[in-house]
Amino acid sequence: MIEIKGLKKYFKENLALDEINLEIKKGEIFGFVGSDGAGKTTILRILSGILKPSSGYVLFENKEKISYVPQRFSLYEDLTLMENLNFFSEIYQIKDKEKIEEILSFLNLSEFKNFYAGNLSGGMKQKLSLACALLSEPEILLLDEPTNGLDPLSRRDLWEIFYKISNEGVTIVLTTSYFEEAEKCKRVALIDKGKILEEGSPKEIINSFRFPVMEILTDSPKILSENIKSLNFVLESLPLGERVHIILKDIKFKENLIEILKEKGFGAKDIKFVPPSIEDIFICKLTENEK
């Protein structure tokens, strides 16, 4: 469906994308996952045709059937949902007005169709943007940070919609800085500073990670994390709420870690090995690249 080869993008002398090579398959949800400034939006803008690459190329199976939803809400806030949809149906030269009603029903927006767009919540605005994008019956849907800043319920609601759209054969390419959303995608590319650190299905990425991860429940996660980060057998430590994920160079260092925790006076309510998360792997890859 989409083939990306040798893609580079410079903004003056700054390299925003560095040799991106990917294939995105028809009907899958593919996610570019990384922190702000990683190059995610630049990739989507090149895929949408807004930006031209400095070198390399992108091939599409059908370039005429692409819709792009930017991160910032860009519809008319002083128009109602219905007025926005009627406006875009005119642009797309869609004569079948029943399609609008079908899309409103599909996205659970029918009861809000006479609401002004400017009065909608963040999640509802994203649904309206999706509705306008779906009017043209795209085969490829590009979504830039579609869940950014939304509450957990709105994010869950949108993901259910993404799955429905994907099940109808639409290829979805999205960006996100929420690492837990990576595991909702069929395949992902972990990206930082314009480079792909890892690519594949979430399961493949997790299964290929060769370092053990220990999880510790503690009353002082940030202090504990900072104190053990410099240990020579610790690759990285990451505070996550009341827990700390510690990536060890080898499983044999478990006892060393427990002993040092006792010496430093850190009480661990619970300590165990856990499967790595996508965020664990991303942080570890960053550390490897910086060395």
Side-chain angles (χ1 to χ4, degrees), residues 2-24 28-58 66 68-74 122 126 140-150 155 158-159 162 171-202 204-206 208-209 235-240 245 247 276-291:
I2 306 173
E3 182 182 3
I4 304 171
K5 290 291 184 183
L7 194 65
K8 287 190 177 185
K9 179 62 181 177
Y10 286 91
F11 292 104
K12 294 185 178 179
E13 295 182 355
N14 297 318
L15 182 59
L17 296 178
D18 188 4
E19 201 70 28
I20 304 294
N21 295 283
L22 283 174
E23 287 188 4
I24 300 172
E28 71 179 355
I29 300 177
F30 189 96
F32 288 99
V33 184
S35 51
D36 292 344
K40 305 186 302 295
T41 295
T42 301
I43 290 176
L44 248 61
R45 288 180 175 172
I46 289 175
L47 293 180
S48 68
I50 295 172
L51 289 177
K52 290 184 178 180
S54 301
S55 61
Y57 63 87
V58 179
I66 299 175
Y68 172 55
V69 179
Q71 181 178 347
R72 180 172 293 184
F73 184 69
S74 57
Q126 283 290 27
I140 299 171
L141 186 58
L142 307 175
L143 306 173
D144 192 10
E145 300 274 4
T147 61
N148 187 43
L150 302 184
R155 287 166 59 190
L158 277 176
W159 271 97
F162 298 160
T171 304
I172 297 178
V173 184
L174 60 83
T175 66
T176 182
S177 55
Y178 296 119
F179 289 96
E180 68 271 21
E181 289 191 340
E183 298 186 30
K184 299 177 184 291
C185 299
K186 181 73 176 292
R187 288 192 305 126
V188 296
L190 305 184
I191 184 170
D192 181 67
K193 297 178 182 177
K195 290 187 176 182
I196 291 179
L197 306 177
E198 196 77 35
E199 183 266 321
S201 72
E204 288 170 346
I205 292 174
I206 289 170
S208 66
F209 190 66
L235 288 172
E236 190 56 74
S237 66
L238 186 66
L240 300 166
H245 276 198
I247 304 171
S277 68
I278 292 293
E279 187 172 5
D280 293 331
I281 296 168
F282 180 82
I283 295 299
C284 192
K285 291 288 181 181
L286 287 187
T287 304
E288 287 179 358
N289 283 0
E290 290 170 359
K291 291 180 179 178

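Starting from 1, each residue takes its place in the sequence as its number.
The OH atom of Tyr178 sits 5.0 Å away from atom CZ of Arg155, with the distance rounded to the nearest 0.5 Å. Between Ser54 atom OG and Ile46 atom CD1 the span is 7.0 Å, to the nearest 0.5 Å. Put simply, CZ on Phe32 and CG on Leu44 are 7.0 Å apart, with the number rounded to the nearest 0.5 Å. With values rounded to the nearest 0.5 angstrom, Ser55 atom OG is found 9.5 Å from Leu17 atom CG. A distance of 8.0 Å separates CD of Glu279 from CD of Glu180, quoted to the nearest 0.5 Å. Atom NZ of residue Lys5 and atom CD of residue Glu19 lie 10.0 Å apart, to the nearest 0.5 angstrom.
Shown here for Leu150 and Gly122, the closest heavy-atom pair between the two residues is CD2-C, 3.4 Å. Residues Ser35 and Phe282 come closest through the heavy atom pair N-CZ, 4.3 Å. Among all heavy-atom pairs drawn from Ile50 and Tyr68, the shortest one is CD1-CE2, 3.4 Å. When every heavy atom of Lys195 is checked against every heavy atom of Asp18, the shortest pair comes out as CE-OD2, 2.8 Å. Between Glu199 and Ile196, the shortest heavy-atom distance links the atoms CB-CG2, 4.1 Å. Summarising the geometry of Leu22 relative to Ala189, their closest heavy-atom pair is CD1-CB, 4.4 Å, with the distance given to 0.1 Å.
You'll find the side chain of Ile43 reaches within 4.5 Å of the side chain of Ile191, heavy atoms only. Ile206 places a side-chain heavy atom less than 4.5 Å from the side chain of Glu183. Put simply, the side chain of Leu143 does not reach to within 4.5 Å of the side chain of Gln126, judged on heavy atoms. The closest side-chain heavy-atom distance from Ile281 to Phe179 is not below 4.5 Å.
Scanning for side-chain contact (heavy atoms from CB on, under 4.5 Å) contacts around Ser201 gives Arg187, Lys203, Glu204, with sequence neighbours left out.
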- Task: Could you please spell out the steps behind the side-chain contact (heavy atoms from CB on, under 4.5 Å) verdict for Leu47 and Ile4?
- Result: CA-CA 9 Å; Leu47 293 180; Ile4 304 171; 4.0 Å; yes
- Let me see the working for Gln71 and Thr41 under side chain to side chain donor-acceptor pair (under 3.5 Å), right down to the final yes or no. CA-CA 9 Å; Gln71 181 178 347; Thr41 295; 4.6 Å; no
- Query: When you look at Trp159 and Ile29, which way does the side-chain contact (heavy atoms from CB on, under 4.5 Å) test go after all the steps?
  - Reply: CA-CA 10 Å; Trp159 271 97; Ile29 300 177; 4.1 Å; yes
- Apply side-chain contact (heavy atoms from CB on, under 4.5 Å) to Phe30 and Thr171, showing your working. CA-CA 8 Å; Phe30 189 96; Thr171 304; over 6 Å; no
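Side-chain atoms of Thr175 come within 3.5 Å of backbone atoms of Glu145 as a donor-acceptor pair (strictly under, hydrogens ignored).
Residue Lys8 qualifies as enclosed at atom NZ: its count of foreign heavy atoms under 6.0 Å is above 12.
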